[in-house]
Amino acid sequence: IYDIENKKQTQITSKSRYYYPILAPNKHEILTIEVDLSNDYKLNLIDINSKKITKTISIEKNIQLQQPSFNSNGSKIIAIAISKLGTNLVEITLESGKMEYLQNWENQQLERPSYIDDNHVIFKAHYNGTDNIFQYNLSNKSIKRITAAEYGAFNPSFNEKTNEILFNNYQYNGYKEDFYLANYEPN
């Protein structure tokens, strides 16, 4: 961890096989994905101060997780699940360890899932043949395209203070512009 104010770096783990660390909201914890030498995956919550694992959640056999993101209170994560069946969005309740796959497994390059609120998730996919930003409604399990980029939209990020979705809008000559959807209200 790098402390911006004090300009100090602290090592939290060593001799570990962790990747994609994310800070838990309103807690002094880091969530990491661990892959062991048998290629089994786990989620670990690590206390920043004690540097000890406070919770471990085993992931189903032959499932790889990528790009997890916390909900606003840190009780759940949304991530990309990859298996021989393809890719899927998976929501994991951290208290119980319950995993819920949100869609049918398919050959989709899903990226950067994140919560807008407790009922909506945004992510990048190419359902119509072009990469765009989509919204998944957790209540009615519907998917809605929210961008219509000609060459592709990538890397969505939601700012809950301004209700804006920031994303990269690919152009014919490369990544030249960043766009945002102002005052975005999910439905």
Side-chain angles (χ1 to χ4, degrees), residues 19-27 30-33 41 43 57 59-60 63-94 98-187:
Y19 67 97
Y20 216 93
I22 56 173
L23 291 169
N26 306 320
K27 297 180 183 176
I30 298 170
L31 181 126
T32 64
I33 301 172
Y41 288 80
L43 290 176
I57 299 171
I59 305 303
E60 295 174 26
I63 300 290
Q64 178 188 8
L65 292 183
Q66 292 183 349
Q67 302 175 357
S69 178
F70 279 104
N71 67 351
S72 62
N73 67 11
S75 63
K76 295 180 180 183
I77 64 161
I78 188 81
I80 298 165
I82 300 171
S83 78
K84 292 178 183 177
L85 300 172
T87 59
N88 206 331
L89 293 175
V90 61
E91 185 176 54
I92 301 171
T93 304
L94 297 178
K98 179 184 171 215
M99 295 177 63
E100 180 181 355
Y101 297 103
L102 303 182
Q103 309 176 89
N104 294 324
W105 291 92
E106 57 187 329
N107 291 320
Q108 222 13 264
Q109 186 174 342
L110 305 175
E111 293 178 8
R112 303 264 319 235
S114 62
Y115 290 92
I116 293 177
D117 56 29
D118 287 337
N119 199 41
H120 298 90
V121 172
I122 56 172
F123 60 98
K124 191 277 307 174
H126 66 282
Y127 295 118
N128 62 348
T130 302
D131 292 306
N132 269 291
I133 310 304
F134 291 81
Q135 172 190 286
Y136 184 87
N137 184 315
L138 293 161
S139 292
N140 65 22
K141 302 187 183 317
S142 65
I143 297 174
K144 175 178 111 175
R145 187 178 73 179
I146 58 175
T147 63
E150 185 175 0
Y151 300 106
F154 301 86
N155 303 317
S157 177
F158 183 70
N159 183 334
E160 62 186 49
K161 292 178 185 169
T162 62
N163 283 351
E164 292 176 338
I165 296 175
L166 180 67
F167 62 95
N168 298 115
N169 189 11
Y170 191 76
Q171 301 295 304
Y172 71 93
N173 56 351
Y175 285 106
K176 300 295 181 194
E177 300 181 34
D178 292 330
F179 282 86
Y180 66 93
L181 297 173
N183 302 313
Y184 184 75
E185 293 294 329
N187 56 20

### Message
Under a 3.5 Å distance rule, please check whether Asp131 uses its side chain to pair with a backbone N or O of Phe154 as donor and acceptor.
### Response
no
### Message
Between Tyr136 and His120, is there a side-chain heavy-atom distance shorter than 4.5 Å?
### Response
no
### Query
Roughly how far, to the nearest 0.5 Å, is the CG atom of Leu65 from the OG atom of Ser83?
11.0 Å
#### Entry: Crowding at CG, Asn128 (>12 non-hydrogen neighbours, <6.0 Å)
yes
### Query
Of all heavy-atom pairs between Pro156 and Ile122, which one has the smallest distance, and what is that distance?
CB-CD1, 3.8 Å
### Task
State, with a plain yes or no, whether a side-chain heavy atom of Pro186 is found less than 4.5 Å away from one of Asp117.
yes
#### Entry: Side chain to side chain, Ile143 and Gln103, heavy atoms closer than 4.5 Å
yes
#### Entry: Spacing of CG belonging to Asn104 relative to CG belonging to Leu85, to within rounding of 0.5 Å
10.5 Å
### Message
If only side-chain N and O atoms count, and only distance matters, is there a donor-acceptor pair under 3.5 Å linking His126 with Gln109?
### Response
no
### Message
Quick one, Asn132 with Thr147, criterion side-chain hydrogen bond (donor to acceptor under 3.5 Å, both in side chains). Give me CA distance, side-chain angles, the key distance, then yes/no.
### Response
CA-CA 6 Å; Asn132 269 291; Thr147 63; 2.6 Å; yes
#### Entry: Side-chain heavy-atom pair Ile146, Ile165 within 4.5 angstrom cut-off
yes
#### Entry: Considering all heavy atoms, the nearest Phe70-Gly74 contact
CD2-CA, 3.7 Å
### Message
I'd like to know whether NZ of Lys98 has more than 12 heavy-atom contacts from other residues, nucleotides or ligands below 6.0 angstrom.
### Response
no
#### Entry: Lys141/Glu100 ion pair, N-O < 4.0 Å
yes
### Query
What are the two closest heavy atoms between Gly86 and Asn107, and how far apart are they?
CA-OD1, 3.9 Å
## Note on the structure
So CZ of Arg145 and CD of Gln135: to nearest 0.5 Å the spacing works out to 13.5 Å
### Message
Could you check whether Asn137 and Ser142, counting side-chain N and O atoms only, form a donor-acceptor pair closer than 3.5 Å?
### Response
no
#### Entry: Full working for side chain to side chain contact (heavy atoms under 4.5 Å, CB included) between Ile92 and Val90
CA-CA 6 Å; Ile92 301 171; Val90 61; 4.1 Å; yes
### Task
Could you go through the side chain to side chain contact (heavy atoms under 4.5 Å, CB included) check for Leu102 and Ile78 one step at a time?
CA-CA 10 Å; Leu102 303 182; Ile78 188 81; 3.5 Å; yes
### Query
Between Pro68 and Ile22, what is the shortest heavy-atom contact and its length?
O-CD1, 3.5 Å
### Query
Going by heavy atoms in the side chains, are Phe167 and Ser157 under 4.5 Å from each other?
no
### Stepwise ring pair (Phe, Tyr, Trp, His ring centres under 6.0 Å) check, Tyr115 with Phe158
CA-CA 8 Å; Tyr115 290 92; Phe158 183 70; over 10 Å; no
### Query
Using the ring of each side chain (for Trp, its six-membered ring), is Tyr101 parallel, tilted or perpendicular to Trp105, with breaks at 30° and 60°?
tilted
### Query
Do you know which of Ile59, Ile82, Ile80 makes side chain to side chain contact (heavy atoms under 4.5 Å, CB included) with Gln64?
Ile82
#### Entry: Gap between atom CD1 of Ile77 and atom OG of Ser114 - 0.5 Å precision
13.0 Å
### Task
Take Asn73 and Ser75, measure what side-chain hydrogen bond (donor to acceptor under 3.5 Å, both in side chains) needs, and give me the verdict at the end.
CA-CA 6 Å; Asn73 67 11; Ser75 63; 2.7 Å; yes
### Query
For the side chain to side chain contact (heavy atoms under 4.5 Å, CB included) test, which of Leu138, Asn71, Ile116 pairs with Val121?
Leu138
### Straight-line distance of Asp118 CG to Lys76 NZ, nearest 0.5 Å
7.0 Å
#### Entry: Sidechain-backbone polar pair: Gln67 side chain, Arg112 backbone, donor-acceptor under 3.5 Å
yes
### Query
So, do Phe123 and Glu111 sit near enough that their side-chain heavy atoms are less than 4.5 Å apart?
no
### Message
With a 3.5 Å distance limit and no angle check, can you tell me whether Thr87 reaches the backbone of Glu106 through a side-chain donor-acceptor pair?
### Response
yes
### Task
Of all the heavy-atom pairs spanning Asn169 and Ala149, show the shortest one and how long it is.
OD1-CB, 3.4 Å
### Query
Can you check whether Ile33 reaches Leu43 side chain to side chain, under 4.5 Å on heavy atoms?
yes
